[in-house]
Number of protein chains: 2
Amino acid sequence: MPDAADLASMNVPSRRKFRREGEERRRQDLIEATLDSVAEHGLQGATLRAIALRAGVTAGLIRHYFPGKEELLQEAYATLVGRMTEQAKAALVMEDALPRQRLAAFVTANLNAPIIDARVFSLWATFIGRASADPALAHAHREGYLGFRNEVEAVVAEVLAAERRKADASQLRHHAIAINAIIDGLWIEGSLAGEMFSPGELAAIGIRAVEAELGLAPEEGGSQ
Amino acid sequence: MPDAADLASMNVPSRRKFRREGEERRRQDLIEATLDSVAEHGLQGATLRAIALRAGVTAGLIRHYFPGKEELLQEAYATLVGRMTEQAKAALVMEDALPRQRLAAFVTANLNAPIIDARVFSLWATFIGRASADPALAHAHREGYLGFRNEVEAVVAEVLAAERRKADASQLRHHAIAINAIIDGLWIEGSLAGEMFSPGELAAIGIRAVEAELGLAPEEGGSQ
DNA sequence: GGCCTTGTTGTGCAAGTGTATAAATAGCCC
DNA sequence: GGGCTATTTATACACTTGCACAACAAGGCC
C-alpha cells in the first residue's frame with residue numbers, strides 16, 4: 001500500500017484546495033471575470049472555462065450561481081450598464097455651482113478616465129452589437145440612454161434659464177439629443193484612439209461644441 | 001444489381017447538385033453571407049456551416065476561397081468599412097454647390113438611410129468591439145476614421161473660407177473632431193432607435209449642431 | 001472533535017467547432 | 001462527345017463547448 005511519499009512521487013491526481021467564499025463575493029468575482037473575458041476575447045472567447053479560470057475557480061461552479069451562460073452574460077451586462085450610468089451621472093451632483101459650470105463639469109467627466117476607457121468601450125460595443133437581435137439588450141440600452149438624455153436635458157434647462165433664455169420642449173429635446181451625440185461621439189473617439197488626443201483636449205472640444213450648440217458666448221480668455 | 005428506381009426508393013445518399021460560379025461572385029456571396037451571419041447571430045454565431053448555408057454552398061468550400069475563418073472575417077470587415085466610407089463620402093461630390101450646402105448635404109446623407117441602418121450598426125459595433133484586442137481591426141478603423149475626418153476638415157475649410165473666416169490648423173482639426181463626433185453620435189442614436197425620431201429630425205439636429213459648432217449664423221426662416 | 005450542510009471540484013458527455021482531405025462532378029476545350 | 005481540371009461536396013478528425021452529476025471537503029455548529 002502506497003504511503004504519502006509514494007503518492008506525492010507518483011503524481012497521483014490530488015484534489016485542488018479551495019476556499020469557500022461568500023455568495024455575493026463569488027457572484028461579483030464571476031461577473032467581473034466574465035466582463036474581463038468578454039473585453040479581452042469577445043463573446044465567443046468568454047467560455048465558461050475561461051471565465052472560471054479568471055475567477056480562480058473551476059467551470060462547474062458557475063452553474064451553482066447561475067442557471068446558465070446566458071443568464072451570467074445578462075447579469076454582467078446589467079452590471080456594466082449600471083456602472084456606466086452611475087459614473088456618468090456622478091459628475092452632476094455639484095450642488096453649489098453655476099449651471100454652466102455643472103454642464104462643463106459633466107462634459108469633462110464623461111470625456112476623461114475612467115469613463116473614457118478602452119475596456120469599457122469594448123464591452124459596450126460587444127454587447128450593443130447584439131441589441132438589434134436581442135430585445136432585452138435593446139431595452140436595457142434604451143433605458144440607460146433615455147435616463148442619460150433626461151439628465152442632460154435638465155442641466156440644459158438650468159443653463160438656459162440662468163441665461164434668461166426661453167426654450168420650448170422641442171428645442172430642449174433637440175439640444176439634449178445633440179449634446180448627447182457630441183459626448184457619445186467624442187467618447188468613442190477617445191476610447192478607440194485616446195493617444196491621438198492630448199490630455200484634456202477632448203473635454204475642451206466637447207465643452208466648446210456643447211456651448212456652441214446652446215449658443216453660449218465663449219468664455220473670456222478661454223485660450224486653447 | 002440495383003437500378004435507378006431502386007436507388008431512388010432506397011434513399012441512397014445522393015450527392016447534391018451544384019453549379020460552378022465565377023470566383024469573384026462566390027467570394028462576394030460568401031462575404032455577404034458572413035456579414036449577414038454576424039449581424040444576425042454575432043461573431044459567435046457566424047460559424048462556417050451557418051455561413052455556407054446562407055451562401056447556398058457547403059462548409060468545405062469556404063476553405064477553397066479563404067485560408068481560414070479569420071481571413072474571411074477580416075475581408076468581410078474590410079468590405080463593410082469600404083462600403084460605409086464610400087457611401088459617407090458620396091454625398092460630398094456635389095461640385096456645383098455652396099460649401100455650406102455641401103456640408104449640410106453631407107450631414108443629411110450620413111443621418112438617413114442607408115447609412116443609418118440597424119444591420120450596419122450591429123456589424124460595426126460587433127467588429128469594433130474587438131478593435132482594442134485586434135490590431136488589424138484597430139488599424140482598419142483608424143484608417144477609415146481619419147479618412148472621414150479629413151473629408152470633414154476639407155469641407156469645413158471651404159465653408160470657413162467662403163465666410164471669409166480664418167482658422168488655423170488646430171482650430172480646423174478641433175472643428176473636424178467635433179463635427180465627426182456629432183455625426184457619429186447621432187448615427188448611433190438613429191441606428192439604435194430610429195423610430196424615436198421623426199423623418200429628417202436627426203439630420204435637422206445634426207445640421208444645426210454642426211453650424212453652431214462653426215459659428216455660422218442660423219438660416220433665415222429656418223423654422224423647426 | 002465529529003458531523004452535516006453545501007460550496008466546490010473533477011469527470012463525463014453529446015453537440016458543435018474549424019480544419020484537412022478524398023471523392024465526385026460541372027463545365028470548358030478540343 | 002470525351003477527357004481534364006479545378007470547383008464543390010462529403011466525410012473524418014481532433015478539439016472545444018455548455019451542461020449534468022457524482023464525489024469530495026471546508027467550515028460552521030453542537
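Chain identifiers are assigned alphabetically (A, B, ...) following the order of the sequence lines, protein sequences preceding nucleic acid strands; residue numbering begins at 1 within each chain.
Partners of Glu189(A) under the side chain to side chain donor-acceptor pair (under 3.5 Å) rule, at least two apart in sequence or in another chain, are Tyr145(B), Asn180(B). Listed by chain and number, the residues in a ring pair (Phe, Tyr, Trp, His ring centres under 6.0 Å) with Phe121(B) are Trp124(B), Trp187(B) (sequence neighbours excluded). Every residue meeting the side chain to side chain donor-acceptor pair (under 3.5 Å) condition with Glu21(B), not counting sequence neighbours, appears here in chain and number order: Arg19(B). Glu211(B) pairs by the salt bridge (Lys or Arg N to Asp or Glu O under 4.0 Å) definition with Arg100(B), not counting sequence neighbours. Listed by chain and residue number, nothing satisfies the salt bridge (Lys or Arg N to Asp or Glu O under 4.0 Å) test with Glu153(B) (two or more places apart in sequence, or in another chain). In this view, Glu70(B) satisfies the salt bridge (Lys or Arg N to Asp or Glu O under 4.0 Å) rule with no residue, not counting sequence neighbours.
Residue-level contact check: Glu21(B) touches the backbone only, with heavy atoms under 4.0 Å from sugar-phosphate atoms and none from bases.
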Exercise. How would nucleotides 23-30 of chain D be written as a contact map, 5' to 3', with B for base contact, S for sugar-phosphate-only contact and - for no contact, using protein heavy atoms under 4.0 Å?
Worked result: BSBBS---
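For the side chain to side chain contact (heavy atoms under 4.5 Å, CB included) test with Phe106(A), the passing option among Val152(A), Leu111(A), Val155(A) is Val152(A); the others fail.
Within the structure, no pair that satisfies the side-chain hydrogen bond (donor to acceptor under 3.5 Å, both in side chains) test touches residues 84-93 of chain A, not counting sequence neighbours. Listed by first then second residue, pairs satisfying side-chain hydrogen bond (donor to acceptor under 3.5 Å, both in side chains) with a partner in residues 53-66 of chain B read Ser37(B)-Arg54(B), Glu40(B)-Arg54(B), not counting sequence neighbours.
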Would you tabulate the nitrogen or oxygen pairs shorter than 3.5 Å linking the protein to nucleotides 28-30 of chain C?
none

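At a threshold of 4.0 Å, the pair Arg119(A)-Glu32(A) counts as salt-bridged, since one of the basic side-chain nitrogens sits closer than that to a carboxylate oxygen.
Less than 4.0 Å separates DNA chain C from at least one heavy atom of each of the following residues of residues 64-76 of chain A: His64(A), Tyr65(A). The stretch residues 40-63 of chain B comes close to DNA chain D through Arg49(B), Val57(B), Thr58(B), Gly60(B), Leu61(B), each having a heavy atom under 4.0 Å from the strand.
Rounding to the nearest 0.5 angstrom, the gap separating the CD1 atom in Ile177(B) from the CG atom in Asp184(B) is 12.0 Å. The distance from the CG atom of Leu61(B) to the CZ atom of Phe66(B) is 9.5 Å, given to the nearest 0.5 Å.
At whole-Å resolution of the value, CD in Glu23(A) and C1' in dT8(C) are 14 Å apart.
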